[in-house]
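All residue numbers refer to positions in the sequence shown, counting from 1.
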Amino acid sequence: MWSDKYYYLNIYYDETLSRDFDTQTLVAFMKSLPELKEKEALMFGNAPDFPFTNILLLKAKGLNQWSDRDRNIEKTNLIAIVCTKDTVPNFEKHQSLFIKIATFMDWQLVDEHTDDDIENYVLWAPEK
């Protein structure tokens with residue numbers, strides 16, 4: 001999805017969502033990040049001093065086949081992220097945080113649809 005106000009980003013192993021990550025391990029890690037606050041089960045938002053962020057931990061059927069009800073307390077195969085698209089410094093803060101999460105999981109950070117009309121553009125991936 002493309003928007004002039006928000007970035008739609010994902011963290012996943014690959015586009016087929018072929019790998020799962022232990023949800024409870026991921027939740028514990030995300031709770032340790034000062035930039036985030038747990039809003040409800042398997043949903044995180046930004047802490048007060050951090051730019052707008054909404055994160056869902058999902059067990060999705062497919063990359064484009066999910067809803068916010070696809071949360072699973074045991075396994076996660078997709079992290080769906082919506083964050084503000086306003087300033088370069090804010091995007092740098094976001095990207096740093098999301099790379100930290102992707103690094104922890106050894107998964108990739110992907111922009112769903114760039115301003116240059118590129119779909120599933122890899123912003124960061126672990127070295128293989």
Side-chain angles (χ1 to χ4, degrees):
M1 181 181 298
W2 183 86
S3 165
D4 62 341
K5 298 193 182 332
Y6 300 102
Y7 287 105
Y8 293 89
L9 309 175
N10 294 307
I11 297 174
Y12 51 72
Y13 180 76
D14 58 27
E15 288 186 20
T16 62
L17 308 180
S18 66
R19 295 228 177 129
D20 295 330
F21 199 88
D22 181 77
T23 300
Q24 294 309 310
T25 301
L26 183 55
V27 166
F29 175 73
M30 291 180 69
K31 283 182 175 181
S32 76
L33 300 171
E35 300 92 340
L36 298 177
K37 290 181 70 167
E38 189 172 28
K39 293 169 56 175
E40 58 182 74
L42 310 182
M43 179 187 285
F44 289 82
N46 54 284
D49 296 339
F50 197 75
F52 172 78
T53 306
N54 191 39
I55 299 174
L56 282 171
L57 309 183
L58 302 166
K59 177 69 170 139
K61 296 170 193 71
L63 194 53
N64 298 312
Q65 275 185 296
W66 61 267
S67 78
D68 64 351
R69 293 182 300 262
D70 292 330
R71 299 182 226 177
N72 183 296
I73 61 168
E74 295 176 12
K75 299 291 177 187
T76 296
N77 65 357
L78 174 65
I79 298 177
I81 303 165
V82 178
C83 62
T84 190
K85 183 190 278 188
D86 53 6
T87 67
V88 171
N90 278 348
F91 183 69
E92 289 170 351
K93 289 178 188 176
H94 279 124
Q95 192 169 11
S96 176
L97 172 64
F98 305 149
I99 289 172
K100 197 180 300 183
I101 296 167
T103 299
F104 176 75
M105 301 175 75
D106 203 28
W107 287 8
Q108 57 189 331
L109 172 64
V110 179
D111 187 338
E112 280 187 17
H113 198 132
T114 70
D115 291 344
D116 297 322
D117 205 30
I118 301 169
E119 291 188 15
N120 298 324
Y121 179 76
V122 177
L123 296 168
W124 181 88
E127 291 185 24
K128 299 289 180 185

Practice item. Answer yes or no: is there a donor N or O on one side and an acceptor on the other, between the side chain of D70 and the main chain of A60, under 3.5 Å? Key: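 Looks like no, no N/O pair under 3.5 Å.
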Review point. Under 3.5 Å, is there a donor-acceptor pair between the side chain of T76 and the main chain of T23?
Key: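 Not confirmed, T76 side chain does not pair with T23 backbone.
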Considering only distance and modelled atom types, tabulate donor-acceptor pairs under 3.5 Å from the side chains of residues 4-13, sequence neighbours left out.
from, atom 1, to, atom 2, distance (Å)
N10, ND2, E112, OE2, 3.2
Y13, OH, R19, NH1, 3.2
Y13, OH, R19, NH2, 3.4

Drop me the distance from [X]'s [atom1] to [Y]'s [atom2], to the nearest 0.5 angstrom.
X: K61; Y: L78; atom1: NZ; atom2: CG; answer: 12.0 Å
X: T84; Y: F91; atom1: OG1; atom2: CZ; answer: 11.5 Å
X: Q24; Y: K75; atom1: CD; atom2: NZ; answer: 10.5 Å

Partners passing side-chain hydrogen bond (donor to acceptor under 3.5 Å, both in side chains) against [X] (at least two apart in sequence or in another chain):
X: T25; result: D22
X: D68; result: none
X: K93; result: none

Who pairs with [X] by side chain to side chain contact (heavy atoms under 4.5 Å, CB included), at least two apart in sequence or on another chain?
X: S96; result: none
X: V122; result: Q108, V110, A125
X: T114; result: D111, D116, I118, Y121

Would you tabulate the side-chain donor-acceptor contacts of residues 40-56 under 3.5 Å, counting partners in other chains and residues two or more places apart, or write 'none'?
from, atom 1, to, atom 2, distance (Å)
E40, OE2, R71, NH1, 3.0
E40, OE2, R71, NH2, 3.2
N46, OD1, T53, N, 3.0
N46, ND2, F50, O, 3.1
T53, OG1, P51, O, 2.9
T53, OG1, H94, NE2, 3.0
N54, OD1, K39, NZ, 3.2

Exercise for review: Kindly determine whether N72 and D20 satisfy side-chain contact (heavy atoms from CB on, under 4.5 Å), including the steps that lead there.
Suggested key: CA-CA 11 Å; N72 183 296; D20 295 330; over 6 Å; no
Practice item. Output all residues satisfying salt bridge (Lys or Arg N to Asp or Glu O under 4.0 Å) with D115, sequence neighbours left out; order by chain, then residue number. Key: K85
Exercise for review: State which residues pass salt bridge (Lys or Arg N to Asp or Glu O under 4.0 Å) with D86; sequence neighbours excluded, sorted by chain then number.
Suggested key: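 Salt bridge (Lys or Arg N to Asp or Glu O under 4.0 Å) check on D86 returns nothing, list empty.
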Review point. Are any of the side-chain heavy atoms of I79 and L26 separated by less than 4.5 Å?
Key: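 In contact.
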Practice item. With the side chain counted from C-beta on, respond yes when T103 and W124 share a heavy-atom pair under 4.5 Å apart, and no when they do not. Key: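 Yes, close enough: below the 4.5 Å cut-off.
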Check your understanding: Which residue pairs pass the side-chain hydrogen bond (donor to acceptor under 3.5 Å, both in side chains) test with at least one member in residues 26-35, sequence neighbours excluded?
Key -> K31-E38
